[in-house]
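Data block below; observations after.
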Number of protein chains: 2
Amino acid sequence: MYHYEHPRPAVTIDLAAFMLSAGELRVLLIRRDAEPFAGEWTLPGGFVHSEESLEAACGRVLSAKARLERVYLEQLYTFGAPGRDPRDRVISVAYYAILAADQRYSGPGQWHDAQALPKLGFDHAEILSTALTRLRAKLTYSDIGFEFLPEEFTLGEAQRAWETILGRPLDKRNFRKSLLEKGRVQATGKKSRGGAHPPAMIYKLGEDQAQLST
Amino acid sequence: MYHYEHPRPAVTIDLAAFMLSAGELRVLLIRRDAEPFAGEWTLPGGFVHSEESLEAACGRVLSAKARLERVYLEQLYTFGAPGRDPRDRVISVAYYAILAADQRYSGPGQWHDAQALPKLGFDHAEILSTALTRLRAKLTYSDIGFEFLPEEFTLGEAQRAWETILGRPLDKRNFRKSLLEKGRVQATGKKSRGGAHPPAMIYKLGEDQAQLST
DNA sequence: ACAAAAGTGTTGCAAGTACACCCATGC
DNA sequence: GCATGGGTGTACTTGCAACACTTTTGT
């Protein structure tokens, strides 16, 4: 059975990279200039090389021209329906990534508001929808939301991040309670300066949680 | 970029098939007779053919010599670390399956108690551990447990199934309450006969839930 | 008679949700 | 002085967990 040697499907990764910017949840898209789907937008992706891990392929696709640290990466689902790429049998292992807000990305893609997406080629609308659903679900039962924030943040910044991702307002007192209880965040002692409002305590992710974001 | 044509990884599916039998949660394993891992047990698996879907590949692997209906199938995770198969780069899309208790399987594998597993070859212990974790988690927030049962069942049978899967006893009144509220199950009006105990009402999955098991 | 499973309600706790006001700062 | 966000506590509701006895049947 191992020596079955019919044509092999191609294996790619497709990556839904999220970032918060200007009060929007944005996702990185690339405009195709070749058929099929020329002129439409797609998720960045690429072939999985023979000797690299799936995560390494994601990193390669994402940071071809970028200087990135603090990138959260999680496998989403594998899309392998015959015909999803009209040229060849392509099995795509989809991942989603979160770039912290203080990162700088400078690559070929453009960042689009995830709430107002253009038409996407291939089955990438389905991939992105799956990613958004997963992301929003994990926001409530894990610490994944902190991946969007710089290492130090105020509770107001955190609440605005959560609200942007979920697309709905949250109650301030309940939100603060949920972050402060059980040491999910810890105060640094420093205070923010420089808004038309009182200084805010600066927090960082709690020590126990720092490596348990998923 | 599309015309990249280095060697392609092989794509396989690996399948963790579960079934309840004799009060045990059992999983289908195959004893390898060739290196690597000769003599060890592995999950059934096989190559993904060029023009079949991933689910079709699972079905082919599972039912080569079996007559099966009512098979629940769900994608689990994709395992693609270089070196996980020492012979070649193999990317495995792992699925798990649930066979209803009234099915008959007659294939090359053997059913093992999932609580007392032998040593497994490749990374199949990790795959199976992931599958068990997923299965147990979904038991509490979805209707996946009914996939183990025949179409009609008593609440006692259901409770014994849940307890076997979770490996711990459940409170009878709470269990019954959770199934009966919100129409998760509906009474058929029939009653079981033939144990040293009172007849039990026979239920089936509620109509709204019948197609919403995940 | 006895063993075995069917059937049946209430209480306590924890988690989540709703809700309003005063304060410190920058302009 | 006014606009902006920082900071704070309580009450209600809901879901989950603990807990014991009576009844019907088969042997």
Side-chain angles (χ1 to χ4, degrees), chain A residues 20 22-23 101 136-143 145 149-150 152-204 206 209, chain B residues 20 22-23 101 136-143 145 149-150 152-204 206 209:
Chain A
L20 289 177
R136 290 184 175 134
K138 293 197 79 154
L139 204 60
T140 62
Y141 68 82
S142 82
D143 287 330
L149 298 177
E152 299 193 333
F153 50 85
T154 66
L155 297 185
E157 287 163 359
Q159 184 175 350
R160 285 187 287 277
W162 262 242
E163 289 176 335
T164 301
I165 297 163
L166 293 174
R168 62 182 166 89
L170 297 173
D171 180 83
K172 180 161 54 159
R173 278 174 290 191
N174 294 338
F175 180 80
R176 298 169 71 90
K177 200 191 310 175
S178 80
L179 289 200
L180 291 170
E181 74 190 2
K182 297 174 198 153
R184 289 180 72 188
V185 298
Q186 56 187 226
T188 62
K190 291 179 277 188
K191 291 226 161 197
S192 75
R193 297 257 115 220
H197 51 79
M201 178 62 71
I202 297 178
Y203 291 83
K204 59 182 178 181
Q209 276 66 38
Chain B
L20 289 177
R136 289 184 176 133
K138 294 197 79 154
L139 204 60
T140 62
Y141 68 82
S142 81
D143 287 330
L149 298 177
E152 300 193 331
F153 49 85
T154 67
L155 298 185
E157 287 163 359
Q159 184 175 350
R160 285 186 287 278
W162 262 241
E163 289 175 335
T164 302
I165 297 163
L166 293 174
R168 63 183 165 89
L170 297 173
D171 179 83
K172 179 160 58 157
R173 279 175 289 191
N174 292 339
F175 180 80
R176 297 168 72 90
K177 201 189 311 173
S178 79
L179 291 201
L180 291 170
E181 74 191 2
K182 297 172 198 154
R184 289 180 72 188
V185 298
Q186 57 188 225
T188 62
K190 291 179 278 188
K191 291 227 160 195
S192 76
R193 295 257 114 218
H197 51 81
M201 178 63 70
I202 297 177
Y203 291 83
K204 59 182 177 180
Q209 276 67 39

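Order of the sequence lines fixes the chain letters, A, B, ..., with proteins taken first and strands second; residue numbering starts at 1 for each chain. For the numbers below, each heavy atom of this structure counts, side chains included, while hydrogens, waters and symmetry mates do not.
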**Item:** Straight-line distance of A/Lys172 NZ to A/Leu170 CG, nearest 0.5 Å
**Value:** 12.5 Å
**Message:** Using 0.5 Å steps for rounding, measure from the OH atom of B/Tyr203 to the CG atom of B/Leu155.
**Reply:** 4.5 Å
**Complete:** Atom CG of B/Leu155 and atom C1' of C/dG7 are separated, to the nearest Å, by 10 Å
**Rounded distance in Å - CG (A/Leu179) to P (D/dG7)** = 12 Å
**Asked** How does protein contact run along nucleotides 10-21 of chain C, one letter per nucleotide 5' to 3', with B for base contact, S for sugar-phosphate only, - for none, heavy atoms under 4.0 Å?
**Response** B------BBBB-
**Complete:** Rounded to whole Å, the CH2-C1' distance (B/Trp162 to D/dC16) equals 17 Å
**Complete:** CD1 (B/Ile165) and OG1 (B/Thr140) are apart, to the nearest 0.5 Å, by 11.5 Å
**Message:** Tell me the interatomic distance from B/Leu170, atom CG, to C/dA6, atom P, rounded to whole angstroms.
**Reply:** 14 Å
**Item:** Positions of residues 190-200 of chain B (non-hydrogen atom under 4.0 Å from DNA chain C), listed by number
**Value:** B/Ala196, B/His197, B/Pro198, B/Pro199, B/Ala200
**Complete:** OG1 of B/Thr164 to CD of B/Gln159, rounded to nearest 0.5 Å, is 10.0 Å
**Item:** B/Arg160 CZ to B/Phe175 CZ distance, which is reported to the nearest 0.5 Å
**Value:** 10.0 Å
**Request:** Measure the CZ-CD1 distance between B/Arg193 and B/Ile202 for me, rounded to the nearest 0.5 Å.
**Result:** 10.0 Å
**Prompt:** Taking atom P of C/dA5 as reference, at what distance in whole Å does atom CD1 of B/Ile202 sit?
**Reply:** 17 Å
**Prompt:** Taking C-beta and beyond as the side chain, do B/Lys191 and B/Met201 meet within less than 4.5 Å on heavy atoms?
**Reply:** yes
**Prompt:** Of the non-hydrogen atoms in A/Leu149 and A/Ala161, which two are nearest, and what is the gap between them?
**Reply:** CD2-CB, 3.8 Å
**Asked** In whole Å, what is the span from the CZ atom of A/Phe175 to the C1' atom of D/dG7?
**Response** 14 Å
**Message:** What is the distance, to the nearest angstrom, from the CZ atom on B/Arg176 to the P atom on C/dT8?
**Reply:** 6 Å
